[in-house]
Amino acid sequence: MTAKIFRFLDDVRPATPCVVVDLDVVRENYLNLRHWLPLAQVYYAVKANPAPEIVSLLVGLGSNFDVASRPEIELCLNAGATADRISFGNTIKKKSDIAFAYDKGVRLFAFDSEAELDKLAEAAPGARVFCRILMTCEGAEWPLSRKFGCEIDMARDLLVAARDRGLEPYGVSFHVGSQQTDLAQWDVAVGKTAMLFTALNEAGIQLKMVNLGGGLPARYRTDVPSLDRYADAMMHAMTKHFGNDLPAMIIEPGRGLVGDAGILETEVVLISRKSYGEDVRWVYLDVGKFGGLAETMDESIKYRIETGHDGEQTGPVILAGPTCDSADILYEKAGYQMPLSLAVGDRVRILTTGAYTTSYSAVNFNGFEPLKAYFV
Ligand SMILES: *Cc1c(COP(=O)(O)O)cnc(C)c1O
């Protein structure tokens with residue numbers, strides 16, 4: 001699927017580090033998702049890769065957008081998305097940004113607290129709001145727990161309060177954790193959501209929408225279930241807990257749409273050892289935690305890495321970035337091995353880097369340029 005990227009890298013030999021994104025893969029991922037989950041409306045989580053090329057492609061394919069900030073709203077509008085295709089899904093918004101969104105015509109907002117509801121009632125009167133509930137994010141390689149969502153008894157009260165403040169209590173959202181490989185997590189989440197629907201029914205409020213969040217995986221070092229199994233798990237959970245009377249469904253994929261579409265090319269800057277008689281080589285690349293590989297934090301996301309010497313004898317390595325910050329170590333404990341013949345100046349390819357790389361790259365730390373991206 002990424003032959004186009006390999007051809008580009010071989011022909012153009014762009015300066016490293018850079019990410020090359022194959023837009024055909026994004027298109028295919030989007031169409032596959034529509035195929036397997038036809039009842040859910042797709043809201044692309046823009047933060048995964050906010051490149052205008054990707055957003056425009058998805059506008060053309062009919063996608064909607066989950067945004068977290070004013071610049072992300074402007075990006076989607078500039079790419080041709082109308083405001084009714086935008087959901088302001090961040091639960092932590094400035095009132096001025098809510099007002100901006102509302103002024104542009106956005107009418108769908110997330111919240112998980114009373115103070116946020118107050119802001120929404122003032123700056124987005126009458127808008128549709130959905131409450132995010134707390135999840136444990138067990139099984140996720142990049143958990144989004146604790147910071148977002150509230151317990152369901154609080155969510156019930158907040159959705160009632162939303163009505164009392166003149167907003168439209170529209171639905172419930174959750175995020176089971178990013179790179180989630182435990183399919184049972186959607187059953188837990190949808191179960192809680194259905195309880196909340198029932199509790200609100202008793203308060204005279206008919207919620208209309210379930211937002212199934214993100215969590216769809218990309219293919220890193222370990223294998224993941226196929227997309228149809230995720231879709232099955234979600235639909236099974238929905239019909240189990242809601243029966244035939246299904247509410248509207250939203251899904252907000254980020255990583256699952258764009259992760260597999262990118263390859264990052266980097267160069268080996270230095271290979272060294274810290275003492276005589278030590279096996280482990282330190283391999284320093286020209287990209288690190290601050291240049292786009294932030295998700296190696298705690299060695300959470302384990303990228304597949306290819307070199308031009310693959311198949312030859314390997315030895316253990318510690319992989320690190322080029323900056324003068326000791327936090328800039330990519331993998332120390334994850335057991336990475338690289339060919340013994342790897343040399344300074346060699347190019348190395350880090351696969352599945354279409355999501356959460358360019359958007360996490362520092363602008364000028366240590367003078368290094370932000371991660372450059374190409375689209376093919
Ligand atoms: C980041 C985010 C997503 C995307 O999550 P993925 O696991 O990358 O699919 C979806 N919804 C919200 C609200 C988010 O913040």
Side-chain angles (χ1 to χ4, degrees), residues 26 29-30 32-33 36-37 40-51 54-55 58 63-69 71-73 76 85-93 101 106 108-113 116 129-150 155 170-183 185-186 189 193 209-220 224-225 227 230-231 233-234 249-262 294-295 297 300-301 303 352-360:
V26 179
N29 286 343
Y30 177 85
N32 274 337
L33 189 55
W36 290 112
L37 214 55
Q41 274 192 297
V42 177
Y43 281 70
Y44 172 55
V46 172
K47 74 175 185 293
N49 192 325
I54 291 178
V55 174
L58 291 172
S63 182
N64 305 283
F65 299 91
D66 168 53
V67 302
S69 67
E72 284 188 354
I73 293 172
C76 294
R85 289 163 68 180
I86 294 174
S87 166
F88 205 161
N90 192 348
T91 53
I92 308 154
K93 301 176 283 299
V106 176
L108 185 59
F109 296 86
F111 73 99
D112 64 4
S113 67
E116 192 73 11
V129 294
F130 56 94
C131 188
R132 181 157 170 182
I133 58 172
L134 202 57
M135 297 300 303
T136 60
C137 298
E138 268 166 70
E141 279 172 37
W142 190 257
L144 298 163
S145 54
R146 288 195 311 148
K147 183 167 173 184
F148 307 104
C150 62
Y170 185 57
V172 175
S173 76
F174 55 78
H175 195 306
V176 294
S178 200
Q179 189 71 10
Q180 176 58 264
T181 50
D182 177 7
L183 299 177
Q185 292 300 317
W186 275 276
T193 301
M209 183 276 289
V210 175
N211 180 335
L212 299 155
L216 293 175
R219 278 163 211 287
Y220 301 112
V224 293
L227 180 61
Y230 280 86
M234 290 177 207
M249 279 177 273
I250 280 178
I251 185 165
E252 297 173 335
R255 191 185 304 280
L257 280 191
V258 296
D260 291 336
E295 289 199 313
M297 211 184 289
S300 302
I301 296 296
Y303 294 104
T352 318
T353 38
Y356 303 115
T357 51
T358 49
S359 49
Y360 274 162

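Both counts, for ligands and for their atoms, begin at 1 and track the order of listing.
- Taking every non-hydrogen atom of Ser178 and a distance limit under 4.0 Å, the qualifying atoms of ligand 1 come out as 6 (P), 7 (O), 8 (O).
- By the 30° and 60° cut-offs, the orientation of the rings of Phe109 relative to Phe88 is tilted.
- Centroid-to-centroid, the aromatic rings of Tyr230 and Trp36 stay 6.0 Å apart or farther.
- Residue contact check: Arg132 has heavy atoms under 4.0 Å from atoms 13 (C) of ligand 1.
- Remark: distances from the non-hydrogen atoms of Pro253 to ligand 1 include one below 4.0 Å.
- Residue, atom and distance of the protein heavy atom nearest to atom 8 (O) of ligand 1 are Tyr356 OH, 2.6 Å.
- Nearest non-hydrogen protein atom to atom 2 (C) of ligand 1 is Lys47 NZ, 2.3 Å.
- In this structure, the separation between CH2 on Trp186 and CD on Gln180 is 5.5 Å, given to the nearest 0.5 Å.
- In this structure, the separation between CG on Asn211 and CD on Glu252 is 4.0 Å, given to the nearest 0.5 Å.
- Residues Leu37 and Met249 form no side-chain contact, since every pair of their non-hydrogen atoms from C-beta on lies 4.5 Å or further apart.
- Remark: Tyr220 OH to Thr352 OG1 distance equals 6.5 Å, nearest 0.5 Å.
- Ion pairing of Arg255 with Glu141 is absent here, as no side-chain N (NZ or NE/NH1/NH2) approaches a carboxylate O to less than 4.0 Å.
- Nearest-heavy-atom check against atom 5 (O) of ligand 1 across Glu141, Glu252, His175 picks out His175.
- Close contacts of ligand 1 with Ala45, meaning ligand atoms under 4.0 Å from a residue heavy atom, involve 3 (C), 4 (C), 10 (C).
- Residue-level proximity to ligand 1 for Asp66 is carried by the side chain, the only part with a heavy atom below 4.0 angstrom.
- Proximity of Phe148 to ligand 1, defined as any heavy-atom pair under 4.0 Å, is not found for any part of the residue.
- Listed by number with element, the atoms of ligand 1 under 4.0 Å from a non-hydrogen atom of Gly215 are 6 (P), 7 (O), 9 (O).
- Separation of atoms SG (Cys131) and CG (Asp112) is listed at 6.5 Å; rounding is to 0.5 Å.
- The atoms of ligand 1 that sit less than 4.0 Å from any heavy atom of Gly254 are 4 (C), 6 (P), 8 (O), 9 (O).
- Within ligand 1, the atoms closer than 4.0 Å to a non-hydrogen atom of Arg255 are 6 (P), 8 (O), 9 (O), numbered from 1 in the order shown.
- Ligand 1 does not have Gln180 within reach: every non-hydrogen atom of the residue lies 4.0 Å or more from it.
- In this structure Ala48 satisfies the side chain to side chain contact (heavy atoms under 4.5 Å, CB included) test together with Tyr44, Val258, Ala355, Tyr356, sequence neighbours excluded.
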